[in-house]
There are 2 protein chains.
Amino acid sequence: MVSEQKQKLTIKQVAEAAGVARSSVSRAFTRPEMLSPETVRRVLDAAEQLGYVPNQTARALSTGRHGNVALIVPDIANPFFPPLIRAAQMEADRSNFCVFLGNSDEDPKQEDKLVGRFVGQVEGLILASSRLSDERIRAHAAQRPLVLINRDVDGIPRVLIDSGSGVREAVAHLAELGHQHIVYVAGPATSWSNKQRRFAARKSAERLGLKVDIVAAIVPSYDAGREAVAAITATGATAAIAFDDLTAQGILAGLADRNISVPGQFGVVGCDDVLGAATYPSLTTVSNRSVEAGKAALSLLLELLQSQSPRDIRYVLDTHLVVRNTTVGHKE
Amino acid sequence: MVSEQKQKLTIKQVAEAAGVARSSVSRAFTRPEMLSPETVRRVLDAAEQLGYVPNQTARALSTGRHGNVALIVPDIANPFFPPLIRAAQMEADRSNFCVFLGNSDEDPKQEDKLVGRFVGQVEGLILASSRLSDERIRAHAAQRPLVLINRDVDGIPRVLIDSGSGVREAVAHLAELGHQHIVYVAGPATSWSNKQRRFAARKSAERLGLKVDIVAAIVPSYDAGREAVAAITATGATAAIAFDDLTAQGILAGLADRNISVPGQFGVVGCDDVLGAATYPSLTTVSNRSVEAGKAALSLLLELLQSQSPRDIRYVLDTHLVVRNTTVGHKE
DNA sequence: CTAAAGCCTGCAACCGGTTGCATGTCAATG
DNA sequence: CATTGACATGCAACCGGTTGCAGGCTTTAG
């Protein structure tokens, strides 16, 4: 029976109950092979009986291992992240790690502040789509093992979702459909993914002889996409590739406001495939590997914690175009 | 200049640099009013110059305050939770608290395990839509301040989103439209919200003289909703109220598969308003107060940590029906 | 001018574990 | 039978702060 004590259970009471030294109790938990099986059993029994559970904080203080990691994302509410967070969290769980979650709100200052708050209590951190400067990232990485997701900084272990491949497929797809002038609706300037997508769009459009314009949406959101439509139509393009699905969804709404039919008069492609087929028309988009990315980043971090090998790791996941109904007509 | 030292900075070095005792350094940070302004400045300068930052773990060990709270949800990827998590996290942030995030995966065992893992490192916990038994919740609440979201256990501080009010409005709305037989598509059996919604649906349907059937979807998800459609149509009802928007969205898909038009032949109402107007037709649903709930729960918890007053708090947020196009025709 | 009252600051114990080293026991070995 | 070594356990220092208490110095009151 676990008695409802006032939380006063320390290693000392267990030691007394089992008739051994405090150190033996400690070892019974952490290195039982050092003790005789008989002693281990006696200690464990006493602990069980008292309802003792080792104090994680005290342990962390003397060993330096907290069993915690931190994960910082720009916006939890952006549907790209929850599956990633979930995957990371479950992976951490398998190794009995706890994860701190931070929301930087797309703000480098806030992100910096969060890192500072977390760093003293974790063994390592993961920054997803970090908005920090390379310099700050390097500074933090010097303090603690650090893994990046969707951010490419030399020498820092990173997991990258290569949306370039999917975007190239998207451009080719649009070209095949006869579009000759497209627009890329950009996301946050500090976003690595955005740079990558913009570059891929421009590059492959040029190669295929398409004209391409860039329109900025700054913050990736439904509203930003909706507002960007004025600028988009002003370019005279006949199709848009948006930084992400949320933006694309906003664009769809903006086009509907103007009675421009999709895909008839205008084609739209998203990125990240976070909406499933839930939009109307269902969104053609670039597939997402966020679950794998979250899982990979976490296990990479744990691996780094084990072997202090500071190898330069760059793990890339490629993507593909998922064709739905915002580029090609349905039911025709 | 912050030198790139090996993390060896302790209170001791600062004490030496400033020419004071360790205790004075400690006080300079925690209770400057106890020291002469001159000393405080000297210590802070030295600390600044060395790049010293107090060790949170050591501090937690002696004070018992970790500055951490834990938040456990059944499924991060369920769009109901991210805004709630985000709100909670930002509220914690305002008080310099760090938040551990746990994903119970809808599994009581897992939830229990997570609580156990977190409890040693946090000052308090928040369980959102807990799947634990009342008994377990009480046991945990006895150890640490604990706030529930969408779970009503006597004596445990709780924040409840009263979807009952919105569901009643939904039933009235359907009755007004002429529906005489509706079905409630249920969610997880252990979910308080589910019980509440089912009860409200049944009760107000009876009062208005509608026939009501219950169909189970068990796990709230798109797929579950889609699969439930067979059972739904089998009842002969002409409208459904789903446990949540995800389920409702699945139902829309299932109905489309069967070429049943919405809202013409069948009416659908969701709950939680997590999809905005993104479905097609846009979903009539019950509004959600998850952001407020997250924020309220966190600040309630922090408040409890301050004043050890074990009052019985029950904070209720009411909801309303948001009428869109899955119940009444659009463009007519 | 002396005593009482503050105000600062340092000492040392403490939070609850972990771990290097020393000690003691017992069996294997020469 | 004495020596060596393996093994099990205890001692005490340490992780990096916090805090009750006491002492020294200055200020205020008598």
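Residue numbers start from 1 in every chain, and the chains themselves are labelled A, B, ... in the order their sequence lines are given, proteins ahead of strands. It should be emphasised that the depicted structure is a prediction, and the values quoted were computed from it without experimental measurement.
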Open item on the list: Has B/D75 got a side-chain atom pairing as donor or acceptor with B/A77's backbone, closer than 3.5 angstrom?
Closed with: yes
Is [X] touching bases, backbone alone, or none of the nucleic acid, heavy atoms closer than 4.0 Å?
X	value
B/T57	nothing
A/V25	nothing
B/Y52	sugar-phosphate

Open item on the list: Any side-chain N or O of B/S24 below 4.0 angstrom from OP1/OP2 of C/dT9?
Closed with: no
Any donor-acceptor pair under 3.5 Å linking the side-chain atoms of [Y] with those of [X]?
X	Y	value
B/Q110	B/N103	no
B/S26	B/S23	no
B/Q121	A/N68	yes

TODO: With DNA chain C as reference, determine whether A/S26 or B/A21 sits nearer its 5' end, using the nearest nucleotide of each.
DONE: B/A21
Open item on the list: Is there a side chain to side chain contact (heavy atoms under 4.5 Å, CB included) between A/I11 and A/Y52? Walk through the geometry before answering.
Closed with: CA-CA 8 Å; A/I11 208 171; A/Y52 166 78; 4.0 Å; yes
- [ ] Please list, chain by chain and in numerical order, all residues satisfying side chain to side chain contact (heavy atoms under 4.5 Å, CB included) with B/L132, sequence neighbours excluded.
- [x] B/P108, B/E111, B/D112, B/L127, B/S130, B/R136, B/I137, B/H140
Task: With A/E16 via side chain to side chain contact (heavy atoms under 4.5 Å, CB included) - residues at least two apart - done: A/K12
TODO: Check each of A/I126, A/L148, A/L300 against A/P157 using the side chain to side chain contact (heavy atoms under 4.5 Å, CB included) test, and report the only one that passes.
DONE: A/L300
Task: A/W192 and A/I149: CA distance, side-chain angles, deciding distance, side chain to side chain contact (heavy atoms under 4.5 Å, CB included) verdict - done: CA-CA 10 Å; A/W192 174 82; A/I149 295 177; over 6 Å; no
TODO: Evaluate whether atom CZ of A/F29 has more than 12 neighbouring non-hydrogen atoms of other residues, nucleotides or ligands under 6.0 angstrom away.
DONE: yes
Task: Helix axis bend for the helix from C/dC1-D/dG30 to C/dG30-D/dC1 - C1'-based end axes, five pairs, 10° rounding - done: 50°
TODO: For DNA chain D, find the residues of residues 58-70 of chain A with a heavy-atom distance under 4.0 Å and give them by number; none if there aren't any.
DONE: A/L61, A/S62
Task: Of residues 35-42 of chain A, the positions that come close to DNA chain D - non-hydrogen atoms, cut-off under 4.0 Å - done: A/L35, A/S36, A/T39
Task: Shortest non-hydrogen contact between A/A28 and A/V43, atoms and distance - done: CB-CG1, 3.6 Å
Identify all pairs in which a protein N or O lies below 3.5 Å from an N or O of nucleotides 20-26 of chain D, and state each distance.
unit_1: D/dG20; atom_1: O6; unit_2: B/R27; atom_2: NH1; d: 3.4

Measure [atom1]/[X] against [atom2]/[N] and give the value in whole Å, please.
X	N	atom1	atom2	answer
A/Q121	D/dG17	CD	P	13 Å
A/Q13	C/dC15	CD	P	10 Å
B/I11	D/dT18	CD1	C1'	8 Å

TODO: Starting from the C-alpha separation in whole Å, work towards a yes-or-no answer on salt bridge (Lys or Arg N to Asp or Glu O under 4.0 Å) for A/R158 and A/D312.
DONE: CA-CA 9 Å; A/R158 50 215 187 276; A/D312 185 10; 2.9 Å; yes
Task: Side chain A/R22 and base C/dG16 donor-acceptor under 3.5 Å - done: no
Task: side chain to side chain donor-acceptor pair (under 3.5 Å) partner of B/E123, the single match among B/R144, B/H66, B/R65 - done: B/R65
Task: Pair A/R289-A/E292, salt bridge (Lys or Arg N to Asp or Glu O under 4.0 Å): steps then yes or no - done: CA-CA 5 Å; A/R289 308 278 297 271; A/E292 286 147 288; 2.9 Å; yes
